[in-house]
Amino acid sequence: MTGNNSPNLFGRRRFFEVAAGALVATQVVPAQAANASQIIGKSAEVEKTEAAAAIRSLKQIDAGLLNVGYVEAGSLDGPAVILLHGWPYDIHSFDEVTPRLASAGFRVIVPFTRGYGTTGFLSNETMRTGQPSALAVDTIALMDALGIKDAIVAGFDWGARTADILGALWPNRVKGIVSVSGYLIGSQAAGKAPLPPKAELQWWYQFYFATERGREGYDKYRREFAELIWKLASPKWKFDDATFARSAAAFDNPDHVAIVIHNYRWRLGLAGGDPALDPLEAKLAAAPEINVPAITLEGDANGAPHPDPAAYASKFSGKYAHRLVRGGIGHNLPQEAPEAFSQAVIDVSKA
């Protein structure tokens with residue numbers, strides 16, 4: 001799969017000021033999960049200052065196969081945190097998380113994943129694969145380009161899967177992870193296994209994307225599609241039109257549809273991957289344990305498909321805690337409950 005792209009197609013947009021504002025009142029409850037030990041540590045005080053909400057410019061850097069668009073905040077000397085978004089979302093999911101972590105002393109990096117925003121391929125000949133290992137390799141390449149030896153990696157949806165993969169396959173580069181919905185590492189073989197009808201219904205878009213009609217429909221109605229997913233995945237989140245529009249602009253990337261469609265077709269074994277990534281996918285197919293410090297999070301109103309925490313607790317063999325975030329919190333947990341997400345990053349950094 002190939003496509004035309006220029007790294008500077010969208011220009012260098014400003015990433016406007018984020019209000020530090022009042023913190024969202026969210027109750028965080030440790031869940032009792034087998035083989036899980038609660039991370040103990042004194043919570044850091046996150047300053048509520050104008051400095052935490054300073055204007056930050058969107059930057060671009062060549063990293064691996066990509067020219068990556070990213071936001072950077074905080075001290076260059078602070079411990080690095082990489083925040084990874086999912087589909088169909090973008091870096092604005094971390095608008096309130098970023099200043100909290102920056103004011104707590106972290107160096108915060110928030111990149112557009114391949115196929116989103118200002119991130120573009122350096123070559124028209126590069127395969128537009130959306131398979132999980134590719135996104136993990138992208139993150140390692142970004143760390144190398146930015147001179148980051150190791151980092152905490154935190155994300156949700158596709159970003160959570162990437163964090164899991166990095167923790168499993170590159171533990172020397174990962175100081176800890178925060179993963180919404182837990183252990184999401186899978187394989188094509190696992191993706192082919194049928195589920196009970198009720199569970200299959202939740203994956204309706206995966207089957208839609210398997211068809212040419214689905215690809216054309218997503219290309220034509222990508223914003224309408226994304227807005228529907230937002231509402232289904234976070235049924236109690238009352239986002240406004242402006243909030244959605246800020247993120248929807250990222251879907252105008254010329255490689256967006258190709259990356260999304262390939263991701264879901266690959267999962268079902270309906271599309272081949274990049275042969276260069278076969279060794280990594282073979283390791284992931286074995287469902288490796290994650291032994292770096294980890295905190296998993298789940299919203300109490302997540303409408304998207306997600307595993308039961310008890311089903312994956314044993315996959316985290318290092319210091320580990322699971323937290324249920326209450327208050328009608330859905331799938332886009334960093335944006336819906338930024339205080340809880342930020343605190344998880346702070347706590348895992350102390351493990």
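All heavy atoms count here, side chains included; hydrogens, waters and symmetry mates do not. For clarity, every value in this text was computed on a predicted model and none was experimentally measured.
If you check the side chains of Asp157 and His331, you find a donor sitting under 3.5 Å from an acceptor. Asn291 and Ser317 share no donor-acceptor pair across their side chains, judged by distance under 3.5 Å alone. Side chains of Thr129 and Gln131: a donor on one and an acceptor on the other come within 3.5 Å. Judged purely by distance below 3.5 Å, without hydrogens or angles, the side chains of Gln335 and Glu96 never pair a donor atom with an acceptor atom. In the model, Asn332 has a side-chain atom that pairs as donor or acceptor with a side-chain atom of Ser93 under 3.5 Å.
Screening Phe251, Tyr205, Phe156, Trp230 against Trp87 for a ring-ring contact (aromatic ring centres under 6.0 Å, His included) leaves a single residue, Tyr205.
Ring pair Phe94/His85: centre-to-centre distance not below 6.0 Å. With ring centers used as reference points, His322 lies 6.0 Å or more from Phe316. Taking the six-membered ring where the residue is Trp, the centroids of Phe209 and Tyr264 are separated by under 6.0 Å.
By the neighbour-count criterion of 12 heavy atoms within 6.0 Å, atom CG of Asp241 is sparsely surrounded, having that number or fewer from other residues, nucleotides or ligands.
Gln188 places a side-chain N or O within donor-acceptor distance of the main-chain N or O of Trp266, the cut-off being under 3.5 Å. The main-chain N or O of Ile329 is found under 3.5 Å from a side-chain atom of Asp300 such that the two form a donor-acceptor pair. Judged by distance alone, the side chain of Ser234 and the main-chain N or O of Trp237 form no donor-acceptor pair under 3.5 Å. Panel note: side chain His262, backbone Gly272; a donor-acceptor pair is recorded below 3.5 Å. Side chain of Arg161 to main chain of Ile185: no donor-acceptor pair is present (N/O by atom type, distance under 3.5 Å, no hydrogens or angles). Side chain of Thr98 to main chain of Asp95: no donor-acceptor pair is present (N/O by atom type, distance under 3.5 Å, no hydrogens or angles). Side chain of Lys315 to backbone of Ala287: a donor-acceptor contact under 3.5 angstrom is found. Judged by distance alone, the side chain of His306 and the main-chain N or O of Ala304 form a donor-acceptor pair under 3.5 Å. At distances below 3.5 Å, at least one donor-acceptor pair connects side-chain atoms of Glu200 with backbone N or O atoms of Leu195. Side chain of Arg114 to backbone of Leu65: no donor-acceptor contact under 3.5 angstrom is found.
Across all their heavy atoms, Asn67 and Gln60 have their closest contact at OD1-NE2, 2.6 Å. Annotation for Pro307 and Ser181: closest pair CG-O, 3.6 Å, computed over non-hydrogen atoms.
With salt bridges taken as basic N to acidic carboxylate O contacts below 4.0 Å, none links Glu227 and Arg223. A salt bridge is absent between Asp150 and Arg173: the closest approach of a Lys/Arg side-chain nitrogen to an acidic carboxylate oxygen does not fall below 4.0 angstrom.
Side-chain contact between Tyr70 and Leu58 is absent, with no heavy-atom pair separated by less than 4.5 Å. Between Tyr116 and Asp255 there is no side-chain heavy-atom pair separated by less than 4.5 Å. Within the 4.5 Å cutoff, the side chain of Tyr89 has no heavy atoms near those of the Thr113 side chain. Side-chain contact between Val137 and Leu135: absent, with no pair of heavy atoms (C-beta onward) separated by less than 4.5 Å. Counting only heavy atoms from C-beta outward, the side chains of Glu224 and Tyr218 never approach each other to under 4.5 Å. Annotation: side chain of Thr139 is not in contact with side chain of Ile165 (no heavy-atom distance under 4.5 Å). Side-chain contact check for Val257 versus Arg215: some heavy-atom pair is nearer than 4.5 Å. For the pair Thr296 and Val180, the minimum side-chain heavy-atom distance is 4.5 Å or more.
Note: Leu277 CG to Leu284 CG = 10.0 Å, rounded to the nearest 0.5 Å. A distance of 15.0 Å separates CD of Glu336 from CD of Glu339, quoted to the nearest 0.5 Å. Once rounded to the nearest 0.5 Å, the distance linking CZ of Arg326 with CD of Glu298 reads 12.0 Å. Between the CG atom in Leu84 and the CD1 atom in Ile109 there is a gap of 11.0 Å [rounded to 0.5 Å]. Here CZ of Arg100 is found 14.0 Å from CZ of Phe106. Values are rounded to the nearest 0.5 Å. Rounded to the nearest 0.5 angstrom, Leu101 CG and Ile152 CD1 are separated by 8.5 Å.
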- Go through the steps for Asp347 and Arg323 under the test salt bridge (charged side-chain N to carboxylate O under 4.0 Å, His left out), then give the verdict. CA-CA 12 Å; Asp347 290 347; Arg323 298 176 179 180; 2.8 Å; yes
- Query: side chain to side chain contact (heavy atoms under 4.5 Å, CB included) between Thr126 and Ser123: does it pass, once the steps are laid out?
  - Reply: CA-CA 6 Å; Thr126 301; Ser123 171; 3.6 Å; yes
- Task: Report the C-alpha separation of Ser187 and Glu281 in whole Å, then their side-chain angles, then the decisive distance to 0.1 Å, and conclude whether the side chain to side chain donor-acceptor pair (under 3.5 Å) test is met.
- Result: CA-CA 7 Å; Ser187 67; Glu281 295 295 353; over 6 Å; no
- Query: Does the pair Asp90 and Ser247 meet the rule for a side chain to side chain donor-acceptor pair (under 3.5 Å), with working shown?
  - Reply: CA-CA 6 Å; Asp90 82 324; Ser247 290; 2.5 Å; yes
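Under the 6.0 Å distance and 45° angle rule, Arg213 does not count as a cation-pi partner of Tyr208.
Qualifying salt bridge (charged side-chain N to carboxylate O under 4.0 Å, His left out) partners for Arg107, counting only residues two or more places apart in sequence or in other chains: Glu72.
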